[in-house]
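The sequence lines fix the lettering, A, B, ..., with proteins before strands; numbering per chain opens at 1.
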Number of protein chains: 2
Amino acid sequence: MCRFCLNHWLPAIAANRKNLAVKKGQALFNEGDEVKGIYFVYSGVIKVHKRWGREKELILRFARTGDVVGQLGLGDDAVYPISATAIEAAVVCFIPMDFFESTLNVNVSFTRQLLTMLANQLQESEKRMRNLAHMPVKGRVAQALLNLKNQFGITTGGYLAVDISRQDLAAFTGAAYESLFRVINELVEDKLIGILGKYISIQNEDALTKLSEQADG
Amino acid sequence: MCRFCLNHWLPAIAANRKNLAVKKGQALFNEGDEVKGIYFVYSGVIKVHKRWGREKELILRFARTGDVVGQLGLGDDAVYPISATAIEAAVVCFIPMDFFESTLNVNVSFTRQLLTMLANQLQESEKRMRNLAHMPVKGRVAQALLNLKNQFGITTGGYLAVDISRQDLAAFTGAAYESLFRVINELVEDKLIGILGKYISIQNEDALTKLSEQADG
DNA sequence: CGTATCTTTGAGTCATGTCAAAAACGGTGG
DNA sequence: CCACCGTTTTTGACATGACTCAAAGATACG
């Protein structure tokens, strides 16, 4: 999907890249910041999020090794519409926008891959939009957990291989902290998931999938 | 934004285009259909929407003269994740996907424009996502009305220049029909908008903008 | 140990969706 | 011009999911 940067892209930009170490909790940029460039994630996990007022946020997606952050800078606006913050210590590679842009003009297949990536992200985004509008919290949590499993995989113990706080999980499902909490409990009671401290395991993926797919039940 | 198809694109595809007349209410395609190609809208209005269960839908965006529909077919999935339906009689130009794809490979600047378009749409989508998660219905309605104004403009009488049903307006807002209805009434009482039959005029754009931007009040 | 942060629980409130029915509207055909 | 029917609008009453607030346990941490 976006791992292309590793094979395709990085060799060409060797001369122009700047590697940055990012601490957990540190921001790459915030919504409203001027667009300076685009980021490739070498290691760690970055959350891409958007705030509402002072206290609320929605996590739009996560970027991990091989993913891109800041691609929205490609739009017409010279300002990031979203924020990017590390939730695990990360190393990212920064490419100034002007260089990135000029490369797009000569590398057709790379541009084409970006296009596919954006189309995929738009699909995902619109799906989640529909879910936020119509799906109850329980289904959204199920969906969120499955997404995390798909993106990060599971440990040998069967737990989601991400170190994500409940706060962030709530922000990712688009629900209040306490709501998420109660739903997690229900899911545990129904044996769809298991918890060990802050870690979550998927016990019954089929049932979760069903929850995340269909109706109001 | 997307009017580029008129200047940029249409000459080149003259040989491969197929014009289709679409009646009001008729679908271009439905979610789940195999991706066959991409559509350019010559005239009329197409709603791009996504269903939830049997009865509910969310309208993702509208496409009018010069806009593209079906660009999500560029993603990895060979199946449309969304539906496209005319809400006003329309004429669209159909381009088979294989031809479209092959053209992308030789026309860099066009691909680049598509990229920008998708980035813009992703921004918009993520903004709406955030709003669905955190903004109350009233603010979302305000936002929806402003969007319609931006996209379709207003008549000399000051009314939104789209012929959109309340049903669709509700689906665009992501709210129940009756909820939309009550909010519209409030907005009329507060003199932010006016209504004449099914048509809506913007009376106080500043106040609407304020509503659509900020907090829970 | 004392302070801070995060988790857990309970209770209350409110916005929004649901359901049902009346009213208004718009056409159609006699 | 009017009676009829289907659709859309309008209203009211109601149910409830989800958010908020607040406080009590836990857990971490210096």
Base of C:dG17 paired with side chain of B:Arg182 (donor-acceptor, under 3.5 Å):
no
Whole angstrom value for the distance that separates [atom2] of [N] from [atom1] of [X]:
X: A:Leu132; N: D:dA18; atom1: CG; atom2: C1'; answer: 13 Å
X: B:His134; N: C:dA15; atom1: NE2; atom2: P; answer: 18 Å
X: A:Arg166; N: D:dA26; atom1: CZ; atom2: C1'; answer: 14 Å
X: A:Lys198; N: C:dT7; atom1: NZ; atom2: P; answer: 8 Å
X: B:Leu180; N: D:dT11; atom1: CG; atom2: P; answer: 14 Å
X: B:Ile164; N: D:dT8; atom1: CD1; atom2: P; answer: 14 Å
X: A:Trp52; N: D:dC19; atom1: CH2; atom2: P; answer: 15 Å
X: A:Ile195; N: D:dA26; atom1: CD1; atom2: P; answer: 15 Å

Please determine, for the side chain of [X], which listed nucleotide ([options]) has the closest atom?
X: A:Pro136; options: C:dG17, D:dC19, D:dA18; value: D:dA18
X: A:Phe181; options: C:dT9, D:dT10, D:dC19; value: C:dT9
X: A:Tyr177; options: C:dC6, C:dG17, D:dT20; value: C:dC6
X: B:Val137; options: D:dA18, C:dT16, C:dT18; value: C:dT16

Q) Mind checking whether B:Tyr80 and B:Phe29 have parallel, tilted or perpendicular rings, split at 30° and 60°? A) parallel
On the nucleotide D:dT9, are OP1 or OP2 found under 4.0 Å from the side-chain N or O atoms that B:Asn185 carries?
no
At 4.0 Å (heavy atoms only), tell me whether A:Gln167 reaches a base, stays on the sugar-phosphate, or touches nothing.
nothing
Looking at side-chain heavy atoms only, is the closest gap between A:Asn204 and A:Leu208 below 4.5 Å?
no
One should read off an interatomic distance between B:Ile164 CD1 and B:Ile200 CD1, to the nearest 0.5 angstrom, of 8.0 Å
Comparing A:Ala133 with A:Ser165, nearest DNA chain C nucleotide closer to 5' gives the residue A:Ser165
5'-most contact on DNA chain C (nearest-nucleotide basis), A:Glu178 vs B:Ala175, goes to A:Glu178
Do the side chains of A:Arg61 and A:Asp67 get close enough for a salt bridge, i.e. N-O under 4.0 angstrom?
no
Result for side chain to side chain donor-acceptor pair (under 3.5 Å) between B:Thr85 and one of B:Glu57, B:His49, B:Lys24 points to B:His49
